[in-house]
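The structure displayed is predicted, hence computed values, not measured ones.
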Amino acid sequence: MKFSEFRQTPPKPDQNVFIFVCEDDFLVEESRIEWQRIFGGSWIFAKCAAKEFEEIPAGRLMDDALTPSLFAQNRAFIVTSADKLTKKRVEELSALQKVANSSLKIVLVMGARKSIDMAKAFPVIEIDALKPADVARWIVDRYKLTPEVARYLADNVGTDLYQLHSEIEKLRTYAGDARPIEWRDVDVLVLRSEQFSPFALDDAILGRDCKKAAQVIGAMLDEGVEPLIVLSRIVRVWRQLFVGKSLVGKRSAKDVAAAVLVPVWKASDFASSCKKFDWKQIAGGFRVLLFADRAFKTSTPNPEGYFDAMLWKLTG
């Protein structure tokens with residue numbers, strides 16, 4: 001379900017242990033307010049990792065569940081990386097689930113539903129992974145940006161809400177209260193490169209100029225742009241290429257450009273670029289980008305070297 005649906009149709013509060021499957025840390029933090037509302041009354045929340053939670057004696061957890069707080073505030077744990085809990089701890093939590101009118105609630109957070117046994121033991125709330133369109137709507141609703149700027153920001157920064165929140169706060173400071181945030185602000189502040197124009201990377205990729213693309217990315221990295229943001233920019237260009245390729249020949253160059261948010265004055269060049277790539281290369285490019293996303297999120301490769309090799313695969 002979407003996070004908004006979780007708000008509208010929450011689980012029944014008569015359970016004591018819940019599994020909350022959610023990939024985004026920002027939404028996990030946002031869920032505290034919802035859990036407070038679901039449980040009713042007054043609750044003190046504590047957040048801890050699975051390893052830390054394992055160290056709490058089972059007897060103490062049971063005592064907390066059975067004993068109402070003297071301060072009229074019950075306790076609730078949000079346990080991250082809950083898929084790493086031992087089988088013994090899961091069995092202990094199953095016993096807690098049977099306590100009536102419990103003064104203790106536990107939310108087990110995991111990025112994916114990995115444990116079938118846990119899913120059978122406790123109710124599961126699974127939040128759908130965010131897509132760029134979902135993130136764009138979130139930006140519009142939360143920060144009141146225009147849909148066009150929100151989509152541009154989501155396409156370039158990615159779907160990590162903490163990262164987006166941070167970048168939007170920078171943009172707010174940069175733009176001030178005198179005017180709304182515009183596309184050019186994103187180009188100048190988020191996708192900054194003092195040496196190259198805002199469209200230099202897009203043009204290099206679409207022109208299959210591997211050397212120029214590597215130079216632009218090197219400059220962006222030197223100026224402090226995070227590798228994942230650079231990758232998001234490349235992914236956005238590749239999505240534009242995918243959509244443009246399917247429309248070229250069926251619609252005018254201006255219509256194709258409008259569909260993928262390319263400026264009208266670049267419409268003709270963009271349409272020509274789409275013809276330079278075949279479908280096999282575009283499909284293979286998405287696999288390359290997926291591997292890059294995993295690499296930067298799970299390990300620490302040398303960014304410049306990794307991008308150089310990746311660009312060769314995309315544009316070579």
* Asked: Does the Gln281 side chain pair with the main chain of Leu314, one donor and one acceptor, at a distance under 3.5 Å?
  -> yes

For Ile168 and Ile181, the nearest pair of non-hydrogen atoms, with its separation, is O-CD1, 4.4 Å

Practice problem: Taking only Lys NZ, Arg NE, NH1 and NH2, and the carboxylate oxygens of Asp or Glu, determine whether Asp134 and Arg137 approach each other closer than 4.0 Å. | Solution: yes

**Request:** Answer yes if the ring centres of Phe242 and Trp279 are under 6.0 angstrom apart, and no otherwise.
**Result:** yes

With Phe270 as partner, the option from Val264, Val262, Val248 fulfilling side-chain contact (heavy atoms from CB on, under 4.5 Å) is Val262

Over 12 non-hydrogen atoms of neighbours within 6.0 angstrom of NZ in Lys84
no

Check for me whether the distance between the ring centres of Trp138 and Phe3 falls short of 6.0 Å. no

**Study point:** Arg37 and Glu34 ion-paired at < 4.0 Å
**Key:** yes

| query | Ring centres of Phe122 and Phe18 under 6.0 Å apart? | reply | no

I'd like to know if the side chain of Gln240 and the backbone of Val260 have a donor-acceptor N/O pair within less than 3.5 Å.
yes

Please tell me whether Ser252 and Asp255 have a donor and an acceptor in their side chains that are separated by less than 3.5 angstrom. yes

Worksheet entry | Atom CZ of Arg251 with >12 non-hydrogen neighbours under 6.0 angstrom | no

(request) Without swapping roles, check the side chain of Ser166 against the backbone of Tyr162 for a donor-acceptor pair under 3.5 Å. (result) no

| Salt bridge present between Arg75 and Asp64 (N-O < 4.0 angstrom) | yes

**Asked** Could Asp293 and Lys297 be called an ion pair, given the rule that one side-chain N must be under 4.0 Å from one carboxylate O?
**Response** yes

Test your reading of the model: is there a side-chain donor-acceptor pair from Asn74 to the backbone of Trp43, 3.5 Å cut-off? no

Next on the checklist: With a 3.5 Å distance limit and no angle check, can you tell me whether Glu126 reaches the backbone of Val21 through a side-chain donor-acceptor pair?
Outcome noted: no

What orientation do Phe277 and Trp238 show, parallel under 30°, tilted 30 to 60°, or perpendicular over 60°? perpendicular

| Hey, do the aromatic rings of Trp312 and Phe307 have their centres closer than 6.0 Å? | no

> Counting heavy atoms not belonging to Leu290, are there more than 12 under 6.0 Å from its CG?
Replying inline: yes

| said: What I want to find out is whether Lys170 reaches Glu167 closely enough, with some N-O distance under 4.0 Å, to be called a salt bridge. | reply: yes

Exercise. Does the ring centre of Phe6 sit less than 6.0 Å away from the ring centre of Phe20?
Worked result: yes

Going by an N to O cut-off under 4.0 Å, is there a salt bridge joining Arg233 and Asp202? yes

Judged by atom type as modelled, is there a donor-acceptor pair below 3.5 Å linking the side chain of Gln97 to the main-chain atoms of Val17? yes

Exercise. Can we say Arg32 and Glu29 salt-bridge, meaning some charged N sits less than 4.0 Å from an Asp/Glu carboxylate O?
Worked result: yes

Checklist entry - Got a salt bridge between Glu169 and Arg172, using NZ or NE/NH1/NH2 to carboxylate O under 4.0 Å? => result yes

Check your understanding: Taking Glu54 for the side chain and Thr86 for the main chain, is one N or O donor matched with an acceptor at less than 3.5 Å?
Key -> yes

| message | Side chains of Val107 and Phe77, heavy atoms from C-beta outward: is any pair under 4.5 Å? | response | no

Sidechain N-carboxylate O distance under 4.0 Å for Arg60, Glu55
no

Ignoring hydrogens and geometry, is there a side-chain-to-backbone donor-acceptor pair from Ser102 to Val99 under 3.5 Å?
-> no

